[in-house]
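Input: a single structure, listed below in structure tokens.
Each residue takes its place number in the sequence, starting with 1. For the numbers below, each heavy atom of this structure counts, side chains included, while hydrogens, waters and symmetry mates do not.
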Amino acid sequence: QVRLVESGGGLVQAGGSLRLSCQASGIIGSSPTMGWYRQAPGKQRELVAAITGGSSTNYVDSVKGRFTISRDNPKNTVFLQMNSLQPEVTAVYYCYVKPGAYEYWGQGTRVTVSS
């Protein structure tokens with residue numbers, strides 16, 4: 001059974017920063033692709049950032065230059081450093097891991113940016 005434990009969300013003022021963390025456990029193999037989705041109120045879930053086992057990354061255009069995804073492979077942990085936050089990034093952020101064809105999701109951590 002795969003388990004994902006997220007942390008780091010919260011309330012921050014515009015211009016501030018947050019760092020999300022997510023640790024995966026269970027049968028996930030060696031260094032699977034991990035990443036973050038988000039879902040804002042009234043919107044569809046979208047992929048924010050992903051990182052492969054070899055640390056190749058990709059980002060949605062709207063966060064490039066402000067968000068950085070990284071990982072600690074021995075700890076099966078993925079991070080999302082979010083800087084220069086603006087209210088439009090307010091959403092629930094979901095960590096995921098993809099050890100094969102299937103994706104596993106965390107419960108989500110809420111990020112709220114006040115203006």
V92 and V97: same hydrophobic cluster, using ILVMFWY side-chain contacts below 4.5 Å? no

Is there a donor-acceptor pair closer than 3.5 Å between any side-chain N or O of T57 and the backbone N or O of I51? no

About how many Å separate SG of C22 and CD of E6, when rounded to the nearest 0.5 Å? 5.0 Å

Stepwise side chain to side chain contact (heavy atoms under 4.5 Å, CB included) check, E46 with R38: CA-CA 6 Å; E46 68 169 349; R38 67 185 175 191; 2.7 Å; yes

Spatial distance of atom CG (N76) from atom OG (S31) [nearest 0.5 Å]: 7.0 Å

Run the numbers on V12 and M82 for side chain to side chain contact (heavy atoms under 4.5 Å, CB included), then give the verdict. CA-CA 11 Å; V12 64; M82 305 185 294; over 6 Å; no

Grab the two heavy atoms, one from V63 and one from V48, that are nearest each other, plus how far apart they are. CG2-O, 4.0 Å

Side-chain heavy atoms under 4.5 angstrom apart, residues restricted to Ile, Leu, Val, Met, Phe, Trp, Tyr: same cluster for Y102 and W36? yes

Looking at CG of N73 and OG of S55, how far apart are the two atoms once the value is rounded to the nearest 0.5 Å? 6.0 Å

Rounded to the nearest 0.5 Å, what's the gap from OG1 on T33 to OH on Y96? Could you check? 6.0 Å

Any donor-acceptor N/O pair, Q23 side chain to K75 backbone, under 3.5 Å: yes

Which class fits the ring pair Y94 and W105: parallel under 30°, tilted 30 to 60°, perpendicular over 60°? perpendicular

Are F79 and L85 linked, directly or through other ILVMFWY residues, by side chains that come within less than 4.5 angstrom of each other? no

Looking only at heavy atoms, the pair that brings I69 and G35 closest together is CD1-CA, 3.9 Å

If you look at every heavy atom in P87 and S115, which pair is closest and at what distance? CG-CB, 3.8 Å

Point-to-point distance, once rounded to the nearest 0.5 Å, from CD of Q81 to CG of L20: 9.0 Å

Report yes or no: do V60 and Y37 belong to one cluster of Ile/Leu/Val/Met/Phe/Trp/Tyr joined by side chain heavy-atom distances under 4.5 Å? no

Identify the heavy atoms of A91 and Q39 that sit nearest to each other, and give their distance. CB-O, 3.4 Å

Do other residues, nucleotides or ligands put more than 12 heavy atoms under 6.0 Å from Q107 CD? no

Rounded to the nearest 0.5 angstrom, the CG-NZ distance for N58 and K64 is 8.0 Å

Test of understanding: clusters of I, L, V, M, F, W, Y form through side-chain heavy atoms closer than 4.5 Å, transitively. Do V78 and L18 belong to the same one? yes

What's the shortest heavy-atom distance between A49 and Y59, and which atoms? CB-CD2, 3.6 Å

Would you name the heavy atoms of A24 and M34 that are closest together and state the gap between them? CB-CE, 3.9 Å

Heavy atoms of other groups near R110 CZ, more than 12 under 6.0 Å: no

